[in-house]
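Take a look at the structure set out below.
What you see is a predicted model; the values in this text were computed from it and never measured. Both ligands and their constituent atoms are indexed starting at 1 by order of listing.
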Amino acid sequence: MNSRKIIVEILDNVIKKGAYSNIEINKRFKNSNINDKDRGLITEVVYGTLKNKKTIDIILGSFVSDVKDIDEKVVNILRSAIYQIKYLDRIPSYAVVNESVNLAKIRAKSLSSFVNGVLRNYLRNLDKDYKKGLTDMESLEYYFSFNSWMIKLFLKQYGKENGIKILKGLNETPYITVRTNILKTTREELLNSLLVEGYDVEKGYISDSAIMIKKGSSIEKNSLYTKGMFTVQDESAMLVSECLNLRYNDIVLDICSAPGTKGTHVGEILNNTGKVLAFDIHTHKLKLIEDNAKRLGIFNIEVKLGDASKFNRQYLNSADKILLDVPCSGLGIIRKKPEIKWTKTLKDLKDIEKTQRVILENAWRYLKRGGEMIYSTCTLNKDENEEIINWFLRKHEDCEVEKINLCKKDNILYNTNGTVTILPNKYMDGFFIARLRKK
Ligand SMILES: C[S@@+](CC[C@H](N)C(=O)[O-])C[C@H]1O[C@@H](n2cnc3c(N)ncnc32)[C@H](O)[C@@H]1O
């Protein structure tokens with residue numbers, strides 16, 4: 001087992017083939033005998049290299065004529081090596097260089113001296129000011145490691161102060177947070193049980209159900225997880241179902257449900273009363289919702305295949321509440337999926353916005369008069385958030401925003417139209433939540 005070989009193969013699949021980092025890492029770890037120490041190293045170097053790719057490429061660019069021309073067999077060997085030398089202090093630089101050259105010999109023998117040359121050149125220039133000569137925008141790209149279009153988007157949409165807050169927040173290393181399953185336990189009880197199991201835990205930042213795991217072994221392997229005491233979920237995402245004003249016996253449609261993290265939360269808050277109809281377009285994802293519901297002891301969820309972009313007359317005016325957690329560009333969850341920095345394009349943002357509008361139009365027709373809908377995204381692109389809501393309000397006289405009041409924290413933005421944007425920070429992902437009421 002060679003950790004560095006695995007790291008480079010994962011990076012190849014994510015950067016070149018558009019695979020998801022978390023899925024690639026899980027695939028490698030599943031049924032393998034990789035020890036905890038190596039798992040830690042692989043995870044850290046993969047996420048770190050992805051997060052800092054722009055900065056690393058600017059550094060690489062000063063040793064080669066164009067990073068784009070570096071042979072694809074060795075480019076991620078170089079990137080991950082520079083990441084380890086620049087950002088980690090526990091691995092001696094000479095060991096990183098030797099291992100990288102050895103790996104290059106296996107992948108492309110003729111390029112091993114090139115890899116050796118670039119890395120040794122970098123070691124001789126560790127103190128160089130790589131920002132020298134860069135424009136203001138390029139300096140921001142170097143400093144935050146984002147492509148310029150994304151930096152411009154955040155600064156334009158949020159202004160300088162919040163734009164910078166977003167760039168910083170998206171580079172934070174996330175804690176794992178879990179949502180207490182109130183059907184089976186209380187937060188206090190769960191906190192104690194986790195402490196007994198050796199986890200370093202703390203209450204969440206905002207939600208009464210949230211617990212932050214600051215240190216401890218893989219949480220989803222713990223028996224408390226198998227027994228359904230909690231769900232792993234970002235705290236911002238927990239606030240979504242909590243904003244839905246749920247009442248026992250409500251009929252709730254969860255239109256884009258898989259893997260059912262928020263839908264099962266609705267089921268828990270309803271205390272197994274009423275009904276949650278959980279739809280998703282992907283057949284293979286439906287089982288994830290079923291498995292989660294079963295593990296958590298939730299019986300009021302019915303899982304169904306459904307394409308939200310097609311109106312289904314069967315559900316016309318049928319729902320007391322609707323959870324519309326639409327597919328989005330995901331710019332708010334870059335802390336956990338750093339490849340989004342490099343894989344998304346402005347065109348993707350435009351395309352998904354069209355789908356969101358169609359889905360919202362259809363879902364609105366399923367809501368009863370007096371009913372409430374949550375429209376949520378895990379993106380910070382305002383065109384998929386406030387702008388969609390403003391557009392919808394202009395079109396639908398029977399729709400009003402029910403103002404959301406969470407709490408006063410410096411990452412909660414209360415928008416002028418009554419909706420809420422959660423800025424990413426150390427504790428939470430970036431999210432958007434709107435609560436709509438049908439008059
Ligand atoms: C943001 S995720 C939902 C996450 C989920 N609500 C949760 O909390 O676990 C969006 C989901 O929408 C689904 N989806 C995408 N297009 C859809 C469509 N046209 N109809 C229904 N579901 C769709 C995707 O498969 C994906 O699972």
* Asked: So do the side chains of R335 and T173 get within less than 4.5 Å of each other, counting heavy atoms only?
  -> no

* Distance under 6.0 Å and angle within 45° of ring axis: K382 vs Y158 -> yes

* To do: Report yes or no: is the cationic atom of R39 (NZ for Lys, CZ for Arg) closer than 6.0 Å to the six-membered ring centre of F29, at no more than 45° off its axis?
  => yes

* Taking E302 for the side chain and A278 for the main chain, is one N or O donor matched with an acceptor at less than 3.5 Å? -> no

* Taking only residues two or more places apart in sequence or in another chain, which ones pass side chain to side chain contact (heavy atoms under 4.5 Å, CB included) with E402? -> N245, E372, R435, R437

* Does the ring of F146 carry K54 above it, NZ/CZ under 6.0 angstrom from centre and within 45° of its axis? -> no

* Measuring from each atom of ligand 1, which residues have a heavy atom under 4.0 Å away? -> I255, C256, S257, A258, P259, G260, T261, K262, D280, I281, H282, K285, G306, D307, A308, S309, D325, V326, P327

